[in-house]
Amino acid sequence: MGGLWVWHYVGILAEPVLHPINEEFQGLSTIPEQHVGMRLTPLTFQGWDGAEIPAVLVEKAEEDSARQRAVRAELTEEHIRKLQNIDYAIVCVEWDHGIQSALPLADYLTGAGIPCILWEPRGKDNARQYCTHGLQESDDVPLLINQLVIRSGKERPLIIAVGQGFGADLLLQAAAKDDRIRGIVAIDALASLRESISRTMPDNLVSKVKLALMDARINKEQGFECFDVAPVESATNINRDTPALIVYLQQDPHIRTINDALSIYRQLPSDTKEVWALTTAQDPPGATTRIQHCTVGEGENERTYDIELQLKNGPESAYMDIIFWLHNQFLTAIDKPHVSTPNRPILTPRSQL
């Protein structure tokens, strides 16, 4: 009986990992019929597991939303003309209600004239029983891109990926698998699922046993372990020619920390990359950058690096500046000659300075 009770208890611990439901979207349709400022065109494609996946092409409607008006007020006609060279932005936020939850980000992007593709990571009618935090869901992205290639009529359309939270985790893993993603913006990504779950538990032997049992339960139910989900490792395999922007907006400071953002940034081989965070009370008034310590490894292998963060005054400011980053850094970088050989930056540990 004791063993059954422990297994039941571990199942309760594993439940939010296998079913990360966002209460904010409970009761809402996963696929909205309309949204202010947007023209929604339903699409479908076949996912990696054979399921038919609902998707939506989102384009700017004639009537602007309030957010689109704010975006366009900041942009010149030259900005908008150049940004329209981006054929599609693949946008993802939540595992459940993926289309509904991605609409606010799409609002910013369509305001700048960038068409967006949103889709349901869970598949049609929530057919996928369990979430794998991008490990399997990311396999849909190349199949989605295949559809975009056909739709665009171009051999290599200019496609970017913009994700937040779960969506950032998923798209970092997808970008490592498909270099047709020409640029990536990852907002509040976690470095590894295992590390994030560990942070929610005390650092003791009992917690380590709980983690091991939880991994066993997740492996039994869905065939993966928390160790397998590591966007920070995927980052090392993203093409050097793929500009990357890592943004930390403190979405969930217990699960997704500034060290996650810095670790991912440090592993990216991209020639064009930046890492952003919000200002805090500890920053001097008017500060635009901060030197942040990034610690990796444990024990004798622990190393601390100094990385320069770009500071933003709040989420709204950061979202608007993402548009400018796409214009000023991303579009400029992709016009440069491509270099296929990896070139990872050499960062000196602070302990050796």
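Note that the numbering runs from 1 along the sequence shown for the chain. Here the structure is a predicted model, which means the values were calculated and not measured.
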Take Tyr305 and Leu262 through the side chain to side chain contact (heavy atoms under 4.5 Å, CB included) test and state the conclusion after the steps. CA-CA 9 Å; Tyr305 301 88; Leu262 295 171; over 6 Å; no
Can you tell me if Thr332 uses its side chain to pair, donor with acceptor, with the backbone of Gln329 under 3.5 Å? no
Should Asp169 and Arg256 count as an ion pair when the cut-off is N to O under 4.0 Å? yes
What's the separation between atom NZ in Lys312 and atom CG in Asp321, rounded to the nearest 0.5 Å? 4.0 Å
Look only at the side chain of His97 and the backbone of Phe25, and say whether a donor-acceptor pair between them is shorter than 3.5 Å. yes
Taking the ring of His19 and the ring of Tyr130, is the distance between their centroids below 6.0 Å? yes
Could I get the full list of side-chain hydrogen bond (donor to acceptor under 3.5 Å, both in side chains) partners for Trp276, not counting sequence neighbours? Glu274
When you measure from the side chain of Ser270 to the backbone N and O of Pro243, does any donor-acceptor pair fall under 3.5 Å? no
About how many Å separate NZ of Lys60 and CD of Glu63, when rounded to the nearest 0.5 Å? 9.5 Å
Counting only N and O atoms by type, is there a donor-acceptor contact under 3.5 Å from the side chain of Arg199 to the main-chain atoms of Ile255? yes
Ile218 and Cys226 have their tightest heavy-atom pair at CD1-SG, 3.9 Å
If we ignore hydrogens and angles and just use 3.5 Å, is the side chain of Gln292 paired with the main-chain N or O of Ile307 as donor and acceptor? no
Say whether Leu172 and Leu143 are linked into one hydrophobic cluster, either directly or through other cluster members, by side-chain heavy-atom distances under 4.5 angstrom. yes
Side chain to side chain contact (heavy atoms under 4.5 Å, CB included) between Ile114 and Leu326: does it pass, once the steps are laid out? CA-CA 11 Å; Ile114 303 171; Leu326 291 172; 4.1 Å; yes
Check for a donor-acceptor pair, side chain of Ser138 on one end and backbone N or O of Gln173 on the other, with a separation under 3.5 Å. no
Cut-off 3.5 Å, side chains only: do Asp283 and Thr280 have a donor facing an acceptor? yes
Out of Val56, Ile117, Leu144, Leu118, which residue meets the side chain to side chain contact (heavy atoms under 4.5 Å, CB included) rule with Leu43? Ile117
Shared hydrophobic cluster for Met201 and Val229 (ILVMFWY, side-chain gaps under 4.5 Å): yes
Between the side chains of Ser65 and Asp107, is a donor N or O closer than 3.5 angstrom to an acceptor N or O? yes
Heavy-atom pair with the smallest gap, counting every atom of Ile53 and Glu120: CG2-O, 3.4 Å
Within residues 65-88 or reaching into it, pairs that qualify as ring pair (Phe, Tyr, Trp, His ring centres under 6.0 Å) - sequence neighbours excluded: His79-Phe324, His79-His327
Correct closest heavy-atom pair for Ala261 and Ile246 would be O-CG2, 3.6 Å
Looking at Gly111, is its backbone amide N or carbonyl O close enough to the side chain of Arg72 to form a donor-acceptor pair, meaning the two atoms are under 3.5 Å apart? yes
Looking at Lys82 and Glu78, does any basic side-chain N land under 4.0 Å from a carboxylate oxygen? no
Is there a donor-acceptor contact under 3.5 Å from the side chain of Asn219 to the main chain of Glu225? no
Pair Lys177 + Asp139, salt bridge at N-O below 4.0 Å: yes
For the backbone of Leu158 and the side chain of Arg182, can you confirm whether one donor and one acceptor N or O come within less than 3.5 Å of each other? no
Do any N or O atoms from the side chain of Glu137 and from the backbone of Thr132 form a donor-acceptor pair under 3.5 angstrom? yes
